[in-house]
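One-based numbering, in listed order, for ligands and for the atoms of each. Everything numeric here is computed off the predicted structure, so don't read it as measured data.
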Amino acid sequence: MISEFKNTTYLDFSQSANKQAMEEALKFVESQFSREYPLFINGKDVKTGDLFKSYNPCEKTQTVGTFHKAGKKEVDMAMEAGWVAFESWKNVDPKERAIVLFKAAEIMRRRRHELNAWMVLEASKNWNEADGETAEAIDFLDFYGREMLRYFERQPIVPQPGELNELVYIPLGAGVVIPPWNFPLAILTGMTCAAIVTGNPVLLKPASDTPTIGYKLVEIFQEAGLPDGVLNYIPGSGGAIGDYLVTHPKTRFIAFTGSMEVGLRINQLAATPQKGQLWIKRVIAEMGGKDAIVVDDEADLASAVEGVAVGAFGFQGQKCSACSRAIIHEKVYDEFVQRLAERVRKITVGPVVNPANWMGAVMSAGAQEKIMSYIEIGKKEGKLVIGGEIGPDAGYFIKPTVFKDVPATGRISCEEIFGPVLAVTKARDLDEAIEFANATDYGLTGAVYTRNRFKIEKAKREFHCGNLYVNRKCTGAMVGGHPFGGFNMSGTDSKAGGRDYLLLFLQAKSIAEKL
Ligand code: NAP
């Protein structure tokens with residue numbers, strides 16, 4: 001009997017046992033930094049000799065892992081392995097496939113501190129952010145495993161006279177999973193396990209900044225007993241092998257999460273049939289955001305300030321759901337800005353191996369450069385309230401930065417910066433605030449703070465985003481509770497962690513047998 005799905009509880013690092021376990025895990029992970037990782041294709045290690053490294057963003061020169069890079073030859077090998085594995089994996093009882101996910105979840109629970117430590121050191125997540133992510137990865141495995149059991153049940157269908165009618169869900173075939181670096185375990189696990197549990201072999205190309213964390217999932221699925229060829233790990237630069245993976249005539253689907261630019265390119269390339277291609281490729285693309293929190297004059301200001309500060313600067317603002325715009329009713333604008341500045345001043349920035357540091361470094365030199373260039377734009381478009389500078393030189397640190405009096409049409413109000421930069425804009429009333437909130441190309445998350453019931457109803461109707469929150473921050477979606485996915489250029493609204501998600505990896509077959 002499988003128990004009902006429940007979200008994983010977060011660890012409390014104020015408890016000495018958890019703190020000590022985490023410190024030991026950090027030491028263990030650091031002892032692994034000299035490891036070299038092969039590709040993993042058809043159950044075997046493959047080495048190409050073409051190497052790249054991943055680094056600790058808080059210690060620019062510290063190598064975290066060294067990786068062999070896949071080229072076209074290895075993509076072909078992995079594709080071949082995937083389609084061979086498909087012939088048997090598609091026929092494995094979905095209950096058995098679900099059990100592999102439940103086992104993987106159990107292994108993650110056992111290795112939880114270690115996985116957290118990898119995210120602290122390779123992605124610069126603070127301890128709580130890292131643990132929240134491991135918890136989310138476990139939840140995806142537990143949730144999609146149960147979802148598969150539901151899709152496998154007899155589906156309701158209107159009986160036709162003289163016929164036995166059925167509708168069954170069958171897998172698509174071998175496909176490609178392309179995750180981002182900002183949720184290097186949770187999103188990578190979510191997309192991969194959804195494909196696998198529905199019967200589809202995967203070619204997993206991790207983000208090049210966080211390949212070690214991706215490799216951990218390969219280890220975990222191997223231990224959970226996943227057959228050879230069902231999960232093939234092919235790290236390499238998206239710019240170099242991405243197009244080849246996407247346009248490959250044998251690619252059946254592409255599950256992508258990342259930037260709008262890359263997502264749109266994938267969508268366009270996948271739409272053109274290649275010689276020998278037998279299907280319309282399925283594209284699941286979850287992309288960027290420019291998420292706003294609206295604060296009304298009838299809001300609880302203390303709670304709104306806290307929600308904006310945590311939503312904007314948690315994980316250095318590098319969440320697709322991060323609050324990058326605060327749109328504030330003019331009656332409370334000055335007070336809000338002053339209280340926000342006081343709150344942001346208390347944020348600690350530094351290497352996240354030390355749990356006293358709440359904000360770590362941004363991901364890379366490229367990210368730091370891009371964010372600093374937006375800070376220069378912000379200085380022209382608005383008034384700098386706090387921050388605006390880089391932090392200690394050892395890592396890619398940027399201080400939490402707030403600009404006020406930014407026009408709703410400004411570049412820092414409309415373009416995704418993906419860093420710790422918040423644009424604060426004044427609005428006449430709630431109607432204008434929602435109008436500003438909706439005025440970007442994106443539509444991923446949003447939040448509104450007000451105590452007024454009519455205004456809450458209005459926001460629920462008119463704030464156009466895939467994940468809307470009322471009187472709470474706009475980050476922190478829970479698997480099962482807040483199915484996640486955006487409108488407009490934020491993506492295909494796949495609603496990861498929701499009941500519709502597995503359908504994206506399945507096709508329905510209708511069968512009518514004459515009696
Ligand atoms: P990215 O630059 O678009 O990269 C995402 C993935 O695509 C990486 O694995 C990357 O590989 C690969 N890639 C790059 N070029 C490619 C190409 N031409 N063809 C195929 N794949 C290619 O995004 P990112 O910087 O990793 O992640 C940040 C972005 O993700 C932000 O825009 C954020 O909002 C978005 N995001 C969205 C969600 C959501 O649910 N909507 C969740 C998380 C993040 P390399 O690493 O080798 O370049």
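Scanning the protein heavy atoms around atom 19 (N) of ligand 1, the nearest turns out to be Gly242 CA, 3.3 Å. Shortest contact from atom 13 (N) of ligand 1 to any protein heavy atom: Gly238 CA, 3.6 Å. For atom 44 (C) of ligand 1, the closest non-hydrogen atom of the protein is Asn182 OD1, 3.2 Å. Among all non-hydrogen protein atoms, the one lying nearest atom 40 (O) of ligand 1 is Phe484 CE2, 3.4 Å. The nearest protein atom to atom 37 (C) of ligand 1, hydrogens excluded, is given as Met287 O, 3.0 Å; this is a heavy-atom distance. With respect to atom 2 (O) of ligand 1, the closest heavy atom belonging to the protein is Ser259 OG, 4.0 Å. When only non-hydrogen protein atoms are considered, atom 24 (P) of ligand 1 lies nearest to Trp181 NE1, 3.6 Å. Summary of contacts: the protein heavy atom closest to atom 27 (O) of ligand 1 is Pro180 CB, 3.4 Å.
Within ligand 1, the atoms closer than 4.0 Å to a non-hydrogen atom of Ala207 are 9 (O), 46 (O), numbered from 1 in the order shown. Every atom of ligand 1 is numbered from 1 in the order shown, and the set under 4.0 Å from a heavy atom of Ile187 is 42 (C), 43 (C). Close approach of ligand 1 to Phe256 is summarised as follows: ligand atoms under 4.0 Å from at least one heavy atom of the residue are 3 (O), 5 (C), 6 (C), 7 (O). Below 4.0 Å from some heavy atom of Ser237 lie the following atoms of ligand 1, by number and element: 47 (O). Of all atoms in ligand 1, numbered sequentially from 1 with element shown, those under 4.0 Å from a heavy atom of Ile266 are 20 (C). Close contacts between ligand 1 and Ile178 involve ligand atoms 6 (C), 7 (O), 9 (O), 12 (C), 20 (C), 21 (N) [criterion: under 4.0 Å to a heavy atom]. Against a heavy-atom cut-off of under 4.0 Å, Leu444 is close to the following atoms of ligand 1: 41 (N). In summary, the atoms of ligand 1 found under 4.0 Å from a heavy atom of Ser208, numbered by their order in the structure, are 45 (P), 46 (O), 47 (O).
With 3.5 Å as the limit, one finds no donor-acceptor pair spanning the side chains of Asn42 and Asp228. Under the 3.5 Å distance criterion, with hydrogens and angles disregarded, no donor-acceptor pair is assigned to the side chains of Asp139 and Tyr144. Side-chain atoms of His68 and Asp45 include no donor-acceptor pair closer than 3.5 Å. Side-chain contact of Ser54 with Glu122: a donor-acceptor pair under 3.5 Å is present, judged by distance alone.
Aromatic pair Tyr469/His482: centroids less than 6.0 angstrom apart.
The residue from Cys320, Pro206, Ser364, Gly486 that puts a heavy atom closest to atom 42 (C) of ligand 1 is Cys320. Remark: among candidates Gly466, Gly366, Pro179, the nearest residue to atom 9 (O) of ligand 1 is Pro179, based on non-hydrogen atoms.
For atom 7 (O) of ligand 1, the protein comes within 4.0 Å by at least one heavy atom.
In Lys72, the NZ atom is not crowded: 12 or fewer heavy atoms of neighbouring residues, nucleotides or ligands sit closer than 6.0 Å. Within a 6.0 Å radius of CD in Glu219, more than 12 heavy atoms belonging to other residues, nucleotides or ligands are found.
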**Q.** CA sep, side-chain torsions, deciding dist, call: Trp89, Phe86, ring-ring contact (aromatic ring centres under 6.0 Å, His included)
**A.** CA-CA 5 Å; Trp89 187 240; Phe86 182 60; over 10 Å; no
(Q) Using ring-ring contact (aromatic ring centres under 6.0 Å, His included), reason through Trp181 and Phe418 one step at a time and then give a plain yes or no. (A) CA-CA 12 Å; Trp181 52 259; Phe418 218 54; 5.6 Å; yes
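In terms of polar-atom proximity, Thr257 is not counted as a contact of ligand 1, lacking any N or O under 3.5 Å from an N or O of the ligand. At under 3.5 Å, not a single nitrogen or oxygen of Val246, backbone or side chain, sits near a nitrogen or oxygen of ligand 1.
Salt-bridge formation is not detected for the pair Asp142/Lys6: no Lys NZ or Arg NE/NH1/NH2 atom is positioned less than 4.0 Å from an Asp or Glu carboxylate oxygen. Taking the charged nitrogens against the carboxylate oxygens, Lys319 and Glu133 have no contact shorter than 4.0 Å, which rules out a salt bridge.
By the 4.0 Å heavy-atom criterion, Gly236 is counted among the residues contacting ligand 1.
Relative to the six-membered ring of Tyr442, Lys290 misses at least one condition, a distance below 6.0 Å or an angle of at most 45° to the axis. For the pair Lys125 and Phe183, the cation-pi test (distance below 6.0 Å, angle within 45°) is passed.
Proximity of Leu245 to ligand 1, defined as any heavy-atom pair under 4.0 Å, is not found for any part of the residue. The proximity of Lys319 to ligand 1, defined as any non-hydrogen pair under 4.0 Å, does not occur for either the backbone or the side chain.
Contact of the Pro235 side chain with the Phe52 side chain is registered, since non-hydrogen atoms from C-beta on lie closer than 4.5 Å.
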